[in-house]
Number of protein chains: 2
Amino acid sequence: MLKRHDLLIEAAERGIRLTVQRRALIETIQEAKGHLDAESLWKLARKRDPNIDRATVYRTIELLKRHGMIDELDLMHLNGEKHYYEVKTQKDHLHLACFGCGKIEEFATPTFERLKREIAKKNEFSIQVMRLEIGGLCRRCAAQEEALP
Amino acid sequence: MLKRHDLLIEAAERGIRLTVQRRALIETIQEAKGHLDAESLWKLARKRDPNIDRATVYRTIELLKRHGMIDELDLMHLNGEKHYYEVKTQKDHLHLACFGCGKIEEFATPTFERLKREIAKKNEFSIQVMRLEIGGLCRRCAAQEEALP
DNA sequence: CTATATATGCGACACAGTCGCAACTGGATC
DNA sequence: GATCCAGTTGCGACTGTGTCGCATATATAG
């Protein structure tokens, strides 16, 4: 498991005003197993505070994104146009989305870090967010495809 | 300039039925200077065939994507949630989006190709599409930011 | 405790993209 | 070149995400 920040502590340190709604949303994101989209986040957070509004969910996501506390993913639009969110990890990593079974794999490698440094240097570009997403077939699904032509 | 396929020839070779609408759309994408979103593609293609419907634009984009003839980009959602399209190039390349001025830079490097091979091998994953997008500040905008804190 | 800047809920809205269905057509066949 | 029909299109209504303005509520500093 990649090491993640504690969002609540970081939010306090950054002077973000902690309302009950934000607490519920942040805790939900922090404790989530997989990748949450806005709708799922809303539903889960409502278990902690039943009155959170949809607009608040979007505004909080925007806030956390601006502070670089969460990353936004598209996951190759495997399930429509929605976005997914995850706590920013210490290490950059990429996402592999299988078009067959929908499974998402994560992968980190020094080559990726090296690429990042190379890009920043060669383009004189100040990188804030970096998103590498890959779509294709996982080992299982590729084998199945092979069997049924 | 990165070498691109000739979409019309490739479409014919693939046995794609060439309607007047598809011809207009494909030629428009092929000759476009920058990155087109669906709306811009529609407007431009209408100059060649004034009756093309919005739905046809989306259906054609879907078709070309399925055939791997064009790539879909988000460009870090710099201008809302729409998608952008470009003719598939011979070399994989990445997109740098500047949050300051909105400029998009493209960049290709052997490190990226190496990363791709490494990912496919280590994860036993059959890669179909790969999208690396980076958001941040270009040299100009980073310097301006510095000057006005 | 109070003041006030900031955040929230609500409802209406914007916008990209999708779908079912009747009418049309590209291109294969004769 | 006429015929045929599976595949394509236009139309219009619809979804699903995400946004916004404004009146009300509240977290935090003093």
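Chain identifiers are assigned alphabetically (A, B, ...) following the order of the sequence lines, protein sequences preceding nucleic acid strands; residue numbering begins at 1 within each chain.
- For the atom pair CE (M69(A)) and CZ (R14(A)), the distance works out to 6.5 Å, reported to the nearest 0.5 Å.
- Counting to the nearest Å, the P atom of dG16(D) and the CG atom of D37(A) are 13 Å from each other.
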Each nucleotide in nucleotides 3-10 of chain C should get exactly one letter: B, S or -. Can you fill that in based on protein heavy atoms under 4.0 Å? --BBSBBB
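- Of the N and O atoms on the side chains of E118(A) and T109(B), at least one donor lies less than 3.5 Å from an acceptor on the other residue.
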Applying side chain to side chain contact (heavy atoms under 4.5 Å, CB included) to F107(A) and I119(B), what does each step give before you reach the verdict? CA-CA 8 Å; F107(A) 182 60; I119(B) 294 161; 3.7 Å; yes
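- Contact annotation: Y58(B) does not reach the phosphate of dT18(C) (side-chain N/O to OP1 or OP2, under 4.0 Å).
- Remark: P of dA16(C) and CH2 of W42(B) are 11 Å apart, rounded to the nearest angstrom.
- Side chains of L18(A) and L8(A) form a contact here, defined as non-hydrogen atoms less than 4.5 Å apart.
- Per the geometry, NZ belonging to K43(B) stands 11 Å off P belonging to dC15(C), to the nearest Å.
- The separation between L8(A) atom CG and dA27(D) atom P is 15 Å, rounded to whole Å.
- As rounded to whole Å, 13 Å separates atom C1' of dG16(D) from atom NE2 of H83(B).
- Here salt bridge (Lys or Arg N to Asp or Glu O under 4.0 Å) pairs that include residues 55-65 of chain B, with residues two or more places apart or in two chains, are E62(B)-K65(B), K65(B)-E72(B).
- Distance CG (L18(A)) to P (dT28(D)): 6 Å, rounded to an integer number of Å.
- As a whole-Å value, the separation of R46(B) CZ from dT9(D) C1' is 13 Å.
- We find that NZ of K82(A) is positioned 9 Å from C1' of dG16(D), with the value rounded to whole Å.
- Classification of E27(A) and K47(A) as a salt-bridged pair fails, no side-chain N sitting under 4.0 Å from a carboxylate O.
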